[in-house]
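Working notes, structure below.
Letters A, B, ... mirror the listed sequences (proteins, then strands); counts begin at 1.
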There are 2 protein chains.
Amino acid sequence: MAGNVKLSVAGPGGGGVADKRIACRDCTLFQLCLPLGIGEDELALLDEVITARRSLKRGETLFRGGAPFHAIYAVRSGSLKTYTIMQDGREQVTGFYLPGELVALDAISLGRHPSSAKALESSSICEFSFQDFERMGVRVPGLQRQMLRVMSRELLNDELLLLLLGKKSAEERLAAFLLSLAIRFRQRGFSATDYNLSMSRSDIGNYLGLAVETVSRLFTRFQQDGLLRVERRRIRIHDIDRLSLLAGDTALSGSQRIDSAEVPQGER
Amino acid sequence: MAGNVKLSVAGPGGGGVADKRIACRDCTLFQLCLPLGIGEDELALLDEVITARRSLKRGETLFRGGAPFHAIYAVRSGSLKTYTIMQDGREQVTGFYLPGELVALDAISLGRHPSSAKALESSSICEFSFQDFERMGVRVPGLQRQMLRVMSRELLNDELLLLLLGKKSAEERLAAFLLSLAIRFRQRGFSATDYNLSMSRSDIGNYLGLAVETVSRLFTRFQQDGLLRVERRRIRIHDIDRLSLLAGDTALSGSQRIDSAEVPQGER
DNA sequence: GACTATGATTGATCCACATCAATAATCGGC
DNA sequence: GCCGATTATTGATGTGGATCAATCATAGTC
C-alpha cells in the first residue's frame, strides 16, 4: 500500500524508460505545471519539448549530482527528493517534490546537476529538453514568464527553509513541515488533514536538520497533545490551527501569505 | 574608513534619490550584471528599462518586506543585506549582496517582496522595472536566458547555505562564509585574502544561524590558529587552503566546482 | 575632546537536541 | 507465511553552542 499521492494520470506501471505520451493539455497537472497562462495552440508546442516520460520505482535515481545538465523534470505522479552529498559522505536533503513541481532548476547556471534526485515511491516524470525549451521561449513569451515565476517561488521556498533551519526550534520545524505538506496537498485536490508521508523519518530529519530520534519523539508528542494522529506514515491532522500556531507563521512553501507589513523601526 | 568594496564607478555621493545615469556598456560591472552575452545594440535597450539609479547610505532601506514588487535591483557599488522578519520579531538574514548581484528575485512569484533589503554601507543601486524587463525579454532572448541563469545560481547559493545550516558545525560555517566572500571579491577584481566585512558580527551570526558570541570566539580562534588575522572588520587570510579544508568543500556561492561525482552506491 | 550608544570580546553556566544503545514494528523477498 | 533487513520508537547520557553577564573598544555627536 505504499502509493499515496497518486494522481489518476499516472501511466500504468509497466512501461520501460519512456512510455506513451499524454498531451500536456490532457494532463491532470495542467494547472500546476508550466503551461499556466499559455494559449491553446502554444500548448502544442510545449508538447514538442517533452523529450520523454519516465517511470521510476521507489529508490531509483532520476539524475545524479555532478552529471551534465540537459533536461528539466516535472513530477506527474509520485514524489521525489533531491539531495547533495558532501565529500565526507554526509547527505543533505534539499527538497521534496510533489506532482506538478519542477526539478533541476538549480542546474541551469552551472550546466551540471549540483544535486541528485531519487524517487520516494513509484513516480512518473516528464522530461523537458532545456535547450529546446529555451529556443521555444523565444516564440512563446508566456512560457519564459511562467518559468521565472516558478523559479522565484522556488527561491522563496528555500528562503523559508533557511529561516526554519537558522532560527526555529525542532518543534517549529516539524510543525511547519507538516503544514507545508498539508497546503501543497490541498492545492493538488487532496485532503490537507489526512495524508501519507512518502519520505522516511530519516529523510524528514535530514531535511529539517534534526536527528531521526528527535523527529520520532516530536511525532509522539504532537500526538499526545492531540494535535494529530500518526500511524507509521499516515498523518491525520486534528487541529491544524494549533499546528499553524506552533509553526510560527512560516508555512514553508505553501505561503501565499506575507509577513503582515514589517514594523517600520525608523531606519536604524 | 567604512567604505570598502568601492568600485570606481560609484556616482559621487551627493545625489538625491535618482542621480545621473551611466549607460550599461560603460558600467564597470558590465560583465557581472545581467548584460552578459547580450549584443551591442541590445545593450541600449537594457538601458531603457533602468528606471532609476539610487544611492543609499548605510542603514537605509531599499525595500520592505510586504511591499508590492515592481522592480529588480542590481548592486553597483557597496553592499546590501536581505532579511525576513518573523511575527515574533526574530529576524533572519537571507543574503548579502555585492556589486554585480541582483536583488529581489524572490519577489517575482508573489508580486510582493517577501524580504526587506537594507544597505550595509553607502551603496549605489540600479533599479529595473520588471514589467519593462519582461516585455523586453521578448525581443532580446539572451536577456531571458541570462536571467534564468542568474536565478538558477541564486537557487544554488541557497542550497549551499541550506547545507551549511542543516549539517555543518559553527566552525565550518564561518570558514565557508569567509571563503565565499573571498571568492566573490576575487571575481570582482579585489583581493581574495584581504578584505573588509561590511556586515556586523551580529549579521554574520544571524545569517549563519549562530550567536554573535560564537562568531566572535571563532574569529579569535581562527586567528590563534594562524589561519587569518582579524582586526575589527578587516580580514586578512593567511592560509586559504586550510580555511577551505575547514569549510568542508562548500564554498557557499562562489562554487564553480561540483561534488566530484557522487559515489554510485547502487540505488539503495 | 569628553559622552553616549553600539558593537565586539571574553568568561561562566545551561539546555535543546545529538548521540549512543536497545528494542519493537514493518517491509520486502522468496 | 517465515526471515533478515530496514525503519521507527523509546530511554539514558553527553555536548556544542546558546544564553546570561561583564568589560572593553569604537564611532558618532554636540
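With B:E231 as reference, B:R229 is the one residue of B:R229, B:R233, B:R234 to meet the salt bridge (charged side-chain N to carboxylate O under 4.0 Å, His left out) rule.
When the P atom of D:dA8 is taken as reference, atom CD1 of A:I204 falls 8 Å away, rounded to whole Å. Rounded to whole angstrom, the span from the CG atom of B:L218 across to the C1' atom of D:dG16 amounts to 11 Å. The separation between B:N196 atom CG and C:dG7 atom P is 17 Å, rounded to whole Å. Taking atom CZ of A:R58 as the reference point, atom C1' of C:dG29 lies 14 Å away to the nearest angstrom. When the C1' atom of C:dA8 is taken as reference, atom CZ of B:F219 falls 11 Å away, rounded to whole Å. Per the geometry, CG belonging to B:L208 stands 16 Å off C1' belonging to D:dG16, to the nearest Å. One can place NZ of A:K168 at 18 Å from P of D:dA18, the figure rounded to the nearest angstrom. Regarding A:L197, its CG atom lies at a distance of 15 Å from the P atom of D:dT7, rounded to whole Å.
Side-chain proximity of A:A170 to the nucleotides C:dT26, C:dC17, C:dA8 is greatest for C:dC17. Candidate nucleotides C:dC17, C:dC20, C:dT10 were compared by shortest atom distance to the side chain of B:E213, and C:dT10 ranks first. Closest approach to the B:R201 side chain among C:dT9, D:dA18, D:dT10 is made by C:dT9 (side chain taken as heavy atoms from C-beta onward). For B:R233, the side-chain atoms get nearest to C:dG7 when compared with the rest of C:dA18, C:dG7, D:dG17.
Looking at B:E101 and B:R188, a side-chain N of the basic residue comes within less than 4.0 Å of a carboxylate O on the acidic one, giving a salt bridge. We find that B:K167 and A:E91 are not joined by a salt bridge, their nearest charged nitrogen and carboxylate oxygen being 4.0 Å or further apart. Taking 4.0 Å as the cut-off between side-chain N and carboxylate O, B:R90 and A:E172 count as a salt-bridged pair.
In terms of modelled atom types and a separation under 3.5 Å, the side chain of B:R173 and the main chain of B:Y207 share no donor-acceptor contact.
Toward the 5' end of DNA chain C, the nearer of the two residues A:L210 and B:S200, judged by each one's closest nucleotide, is B:S200. Residue whose closest nucleotide on DNA chain C sits further toward the 5' end, between A:V215 and A:R232: A:V215.
Not one side-chain nitrogen or oxygen of B:S216 sits closer than 4.0 Å to the OP1 or OP2 atom of C:dA8. Contact check, B:T220 against C:dT10: a side-chain N or O comes under 4.0 Å of OP1 or OP2.
Among the heavy atoms of the strands lying under 4.0 Å from A:R217 is at least one base atom, whether or not backbone atoms are also near. Within the 4.0 angstrom heavy-atom criterion, no nucleotide atom of any strand lies near B:R221. As judged by a 4.0 angstrom heavy-atom cut-off over every strand, A:G209 is placed among residues touching the sugar-phosphate backbone only.
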